[in-house]
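First up is the structure itself, then whatever we jot down about it.
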Amino acid sequence: MAEKTDTSEPQRRRRPTLRHAVGLCALLLGGALLLGAGAGLADVRGTTADERAFRAAEPCPAAARAGADCLRAVPASVERTVTRENGRAGTTYRLRLTGGPDVPHEVDLPDAGPFLKRLKPGDGVTVTMWRDYATTVTKDGHVQRTTDTPEGEPQFMTALSLALLAFGVYACYAGVVLVRPSRTVGGALPAHMVPLGVFAMAAAVLTIPTVIVGDVANPLVQGLSWPVFLLPAGWLLRHLHRRGRARRRVRVGGV
């Protein structure tokens, strides 16, 4: 009688599993997110300098060229105005212009005031340019600010980088857990991975209130304030997770 070939798991050559493939993808994604976070944080210094330079800018002399580090008044004509309702995303206010090579084709406005709704095609306006930014539009002495300024960019970049950092750290950790040999039955994920994922999402969301801190202080203080928001959020999520586990134990014990 022929002997049966031993195909037990310890003697078989292990092949890459879907779990390992997902783990490698998570590691690559996490690494890319961390690189993006690092690049964003490195760019904060430059955007902060641009914001300060813009706030200190003065009107240009007559001989100033395009892209100068001063405020240039450029004449333009209205091609048309655009007001579009975007549901929950709000309303888009856009002004399309024609003119010389320095005139932007279109600029976005934060709202319709004070004169957007009264503009007609062919109306003459003056666009204030700082470097390549179209910062304001003026008509008959009324000034309308645009959204095209360096103000707020350092705070936005800091918040975005912190969010990428939160997701990047979690993705790398999840990748390591998935790539390593599983000690759980059936290769299931450790129970703590879900609450950690929820905490990573909460950490990304909590970068939003740090923008207010950055507006009041500076991006450095904004970054330092992030852990202050994370501590109570982490405590709350941990408390809710423990209560959920306790309820499940009571429910199982009572069956």
Side-chain angles (χ1 to χ4, degrees), residues 16 18-57 67 69 89 108 110 130-135 146-182 189-238 241:
L18 178 62
R19 174 191 176 101
H20 293 159
V22 173
L24 289 175
C25 291
L27 283 172
L28 291 174
L29 175 62
L33 292 174
L34 291 179
L35 286 175
L41 290 175
D43 191 49
V44 169
R45 184 174 182 179
T47 55
T48 301
D50 289 345
E51 185 181 53
R52 291 175 179 171
F54 170 69
R55 290 176 176 175
D69 202 9
D108 290 329
W130 181 78
R131 296 183 182 175
D132 295 328
Y133 293 90
T135 61
T146 73
T147 59
D148 186 30
T149 72
E151 291 184 311
E153 287 185 359
Q155 294 79 9
F156 171 79
M157 187 59 67
T158 300
L160 177 61
S161 300
L162 293 177
L164 292 178
L165 178 64
F167 286 128
V169 170
Y170 177 75
C172 286
Y173 178 75
V176 171
V177 171
L178 289 170
V179 170
R180 294 177 60 183
S182 174
L189 287 175
H192 68 277
M193 291 300 298
V194 173
L196 276 180
V198 174
F199 179 70
M201 294 182 62
V205 172
L206 288 174
T207 62
I208 297 176
T210 67
V211 175
I212 301 175
V213 179
D215 289 335
V216 175
N218 55 60
L220 176 60
V221 178
Q222 176 184 353
L224 295 176
S225 70
W226 191 41
V228 177
F229 292 102
L230 293 182
L231 288 175
W235 178 87
L236 177 61
L237 291 174
R238 185 178 182 184
H241 179 63

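- With Arg131 contributing its side chain and Asp69 its backbone, the two residues share no donor-acceptor pair below 3.5 Å.
- Side-chain contact between Leu165 and Leu34: present, with at least one pair of heavy atoms (C-beta onward) separated by less than 4.5 Å.
- Counting heavy-atom neighbours within 6.0 Å of Phe229 CZ, excluding the residue itself, gives a total above 12.
- Among all heavy-atom pairs drawn from Asp148 and Ala134, the shortest one is OD2-N, 2.8 Å.
- Across Ala200 and Phe167, no two heavy atoms sit closer than the pair O-CE2, 4.2 Å.
- Nearest heavy atoms, Phe54 versus Pro150: CB-CG, 3.5 Å.
- Of the possible donor and acceptor atoms, none in the side chain of Thr48 sits under 3.5 Å from a partner among the backbone N and O of Pro154.
- The line from CG of Leu41 to CG of Leu162 is 6.0 Å long, rounded to the nearest 0.5 Å.
- Here Leu220 contributes atom CG and Gln222 contributes atom CD; the two are 10.0 Å apart, rounded to the nearest 0.5 Å.
- Side-chain contact between Glu51 and Glu153 is absent, with no heavy atoms from C-beta onward closer than 4.5 Å.
- Rounding to the nearest 0.5 Å gives a distance of 9.5 Å between OG1 of Thr207 and CG of Leu230.
- When atom types are taken as modelled, the side chain of Asp108 and the backbone of Thr147 share no donor-acceptor pair closer than 3.5 angstrom.
- To the nearest 0.5 angstrom, Leu237 atom CG is 11.0 Å from Met201 atom CE.
- Side-chain N or O atoms of Trp226 include one that pairs as donor or acceptor with a backbone N or O of Ala203 at under 3.5 Å.
- Atom-to-atom distance recorded for Tyr173:OH and His192:NE2 is 3.0 Å, nearest 0.5 angstrom.
- When all heavy atoms are compared, the tightest approach of Met157 to Val44 is CG-CG2, 3.9 Å.
- Using a distance-only test at 3.5 Å, with no hydrogens or angles considered, a donor-acceptor pair links the side chain of Tyr170 to the main chain of Met193.
- The minimum heavy-atom distance linking Ala159 with Val211 is given by the pair CB-CG2, 3.8 Å.
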Next item on the list: Please report the C-alpha distance between Thr210 and Thr158 in whole Å, then the side-chain angles of each, then the deciding distance to 0.1 Å, and finally whether the side chain to side chain contact (heavy atoms under 4.5 Å, CB included) criterion is met.
Entry: CA-CA 9 Å; Thr210 67; Thr158 300; 5.8 Å; no
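- Taking CZ of Phe156 as the start and OG of Ser161 as the end, the distance is 9.0 Å to the nearest 0.5 Å.
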